[in-house]
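Quantities reported herein were computed from a predicted structural model and do not represent experimental measurements. All residue numbers refer to positions in the sequence shown, counting from 1. Note: hydrogens, waters and symmetry copies are ignored here, and every other heavy atom, side chains too, is used.
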Amino acid sequence: MWTFPTLTIEDPMKTVSVLLTAALTVVLASAQTPQAPVFIPDDDAPNAVRFLPAPPSEGTALFLSDKAGYFRGKTLRDGARGEQARLNANPRFDYTLSLFAGPFGIAVSDSLTPETYRLISGVFQAARKYATRDAKPHYRRPRPFVFFGEASLTPQYDAEMADNWSYPSGHTARAYCMAFTLASLNPANQDTLFQFAYEYGQSRIICGHHWPSDVEAGRMVAAALFARLQTDSAYLSCWAKAKEEIRKLDSEGRIAHPQPTAGSLYVPNYGYGDHHMIHANLTGTKRSTRKAPYVPAADFANSLEILPAPPQEHSVEFLYDQYQYFDGKQQRLTPRADVAIADAEFSAKGFAANFAGAFGILISEEETPQLWKLLRAVMKSESGTASQAKNYYKRTRPYAYYNQGSLVPKDEEELRTNGSFPSGHTTMGTVWGLILAEINIANEDTILKRTYDYGQSRVIAGYHWQSDVNAGRYLGATFVARLHADKEFIKQLRKAKKEFLRLDKAGKIRHYETQ
């Protein structure tokens with residue numbers, strides 16, 4: 001029986017070392033890695049160039065923030081955090097998988113958990129093949145250690161990485177694809193899985209192999225790939241076998257559940273950079289006990305545990321938030337303002353109208369009853385996902401911070417005292433977008449681009465800082481992973497997909513040419 005110690009807040013790096021020792025005993029002793037299953041047909045994956053923003057150019061506010069993240073990461077290379085970043089740099093599948101043993105609750109190996117091992121190996125290979133294939137050669141962004149002409153924390157990889165470009169982060173994309181999949185298999189451990197994935201991405205900054213914006217892009221690519229995997233029959237077959245395997249092991253008491261200590265949160269040392277865990281009293285932030293059509297309120301990821309704290313005032317990251325606010329105000333003078341105003345409507349009809357163009361048909365109770373039922377139930381289930389972090393941080397919204405008007409005056413009084421971090425609109429928009437991309441594969445890049453733009457509308461409207469929106473995108477992706485572990489959601493999703501196929505065959509779905 002494999003057991004792992006409970007995660008501690010007081011000394012997380014010591015805990016990681018203990019878990020790694022136990023995991024590596026199993027994984028690194030394994031025989032030759034078997035052939036991984038092939039998920040997602042070649043040339044049928046989301047194209048990141050079509051839905052990611054371009055990486056920041058030199059001289060921009062975001063690039064200044066990226067540089068600050070790089071230098072901050074250098075200060076963390078000595079000691080336990082730097083050692084963890086070194087460990088996380090190893091790109092081998094078995095090694096990366098071993099790092100998830102503690103958060104997942106069991107060491108996944110070909111001998112102990114063969115079905116889960118086979119599933120995750122296929123996910124890893126799909127992410128390695130598709131996550132950076134299009135964007136890296138398109139943007140050819142130099143890695144930080146190359147840009148500054150310095151050695152990284154892991155010089156043994158520098159020669160290989162120097163010509164491999166930086167945007168987006170492939171390590172991060174692979175880790176998040178694995179985390180999303182593992183969380184769907186074992187949702188009870190989703191908080192520890194997503195905490196680890198976040199720290200794994202930050203390790204890429206500490207190593208000097210990636211800028212913060214590369215890591216953010218890696219998360220978005222992973223969310224898109226996870227949605228695409230849900231349409232692949234080979235993946236679904238492997239997932240069902242792995243789910244049964246984990247269910248059986250859990251019923252036998254062989255899965256550890258290392259829940260984070262109650263009342264913990266990420267707090268930044270210097271603004272939005274690296275994060276460590278501290279103990280805090282989160283009185284008044286208990287989970288809701290409300291019922292929901294799919295995922296009960298107590299079962300979605302804890303936004304306080306999986307999100308970093310918002311940027312502190314006077315940090316470089318907050319300067320970037322401010323820059324984005326004023327840039328958004330300038331966009332209010334353009335036709336983009338009309339889109340941002342429409343996107344402010346937080347209702348099923350509002351989301352349906354705003355995604356209709358990208359999706360190819362207007363979702364409604366009359367024309368698409370199964371789709372309408374699915375997405376209405378998703379909204380009822382998701383409502384409140386962001387509330388724990390919102391209620392704790394109580395971050396002031398941009399328009400209120402500056403005491404200026406927003407683009408949507410009718411919402412100002414209601415939302416003035418409603419916390420800004422993370423963005424609830426963006427969270428829900430991301431959930432809708434990822435599900436719609438899964439249903440209409442032909443339009444997935446267009447839908448994913450619309451999903452990104454939907455979040456940016458909240459910045460343009462003056463209701464959210466950029467870091468609120470980034471956090472909402474991540475939170476929405478974690479909720480989609482949790483939905484895919486819910487039987488009732490899957491049942492209705494299948495009905496919605498059948499309905500969509502009938503409409504598509506009848507020529508009622510608009511499709512877009514891709515270049």
Considering only NZ, NE, NH1 and NH2 on the basic side and carboxylate oxygens on the acidic side, decide whether [X] and [Y] come within less than 4.0 Å.
X      : Y      : answer
Glu244 : Lys241 : no
Asp44  : Arg228 : yes
Lys449 : Asp453 : yes
Lys243 : Glu115 : no
Asp299 : Arg482 : yes
Glu438 : Lys497 : yes
Glu252 : Lys248 : yes
Asp321 : Arg395 : yes
Asp214 : Arg204 : no
Arg86  : Glu83  : yes

May I ask you to check whether Trp211 and Tyr167 place their ring centres under 6.0 Å from each other? no

Assert yes or no for the condition that the ring centre distance of Phe194 to Tyr200 is strictly below 6.0 Å. no

Validation row: Asn189, Phe100 side chains within 4.5 angstrom (heavy atoms): no

Would you call Arg473 and Tyr452 a side-chain contact if the rule is heavy atoms closer than 4.5 Å? yes

Of all the heavy-atom pairs spanning Asp134 and Pro46, show the shortest one and how long it is. OD2-O, 4.1 Å

Considering all heavy atoms, the nearest Ser381-Tyr294 contact: OG-N, 3.1 Å

Please report the C-alpha distance between Ser420 and Tyr463 in whole Å, then the side-chain angles of each, then the deciding distance to 0.1 Å, and finally whether the side-chain contact (heavy atoms from CB on, under 4.5 Å) criterion is met. CA-CA 7 Å; Ser420 184; Tyr463 279 88; over 6 Å; no

Report the residues that fulfil side chain to side chain donor-acceptor pair (under 3.5 Å) with Glu444, sequence neighbours left out, ordered by chain and then residue number. none

How would you list, by chain and number, every residue that makes a side chain to side chain donor-acceptor pair (under 3.5 Å) with Thr430, sequence neighbours excluded? none

Looking at residues at least two apart in the chain, or sitting in another chain, which of them share a ring pair (Phe, Tyr, Trp, His ring centres under 6.0 Å) with Phe346? Phe351, His425

Go through the structure and list residues passing ring pair (Phe, Tyr, Trp, His ring centres under 6.0 Å) with Phe226, not counting sequence neighbours. Phe180, His484

Test of understanding: with side-chain contact (heavy atoms from CB on, under 4.5 Å), list the residues that count as partners of Thr396, not counting sequence neighbours. Ala400, Tyr401

Contacts of Ser387 meeting side-chain contact (heavy atoms from CB on, under 4.5 Å) (sequence neighbours excluded), chain-then-number -> Asn391

Check whether Glu305 reaches the backbone of Gln195 with its side chain - one donor and one acceptor, N or O, closer than 3.5 Å. no

For Asp42, look at atom CG and say whether over 12 heavy atoms of other residues, nucleotides or ligands are found less than 6.0 Å away. yes

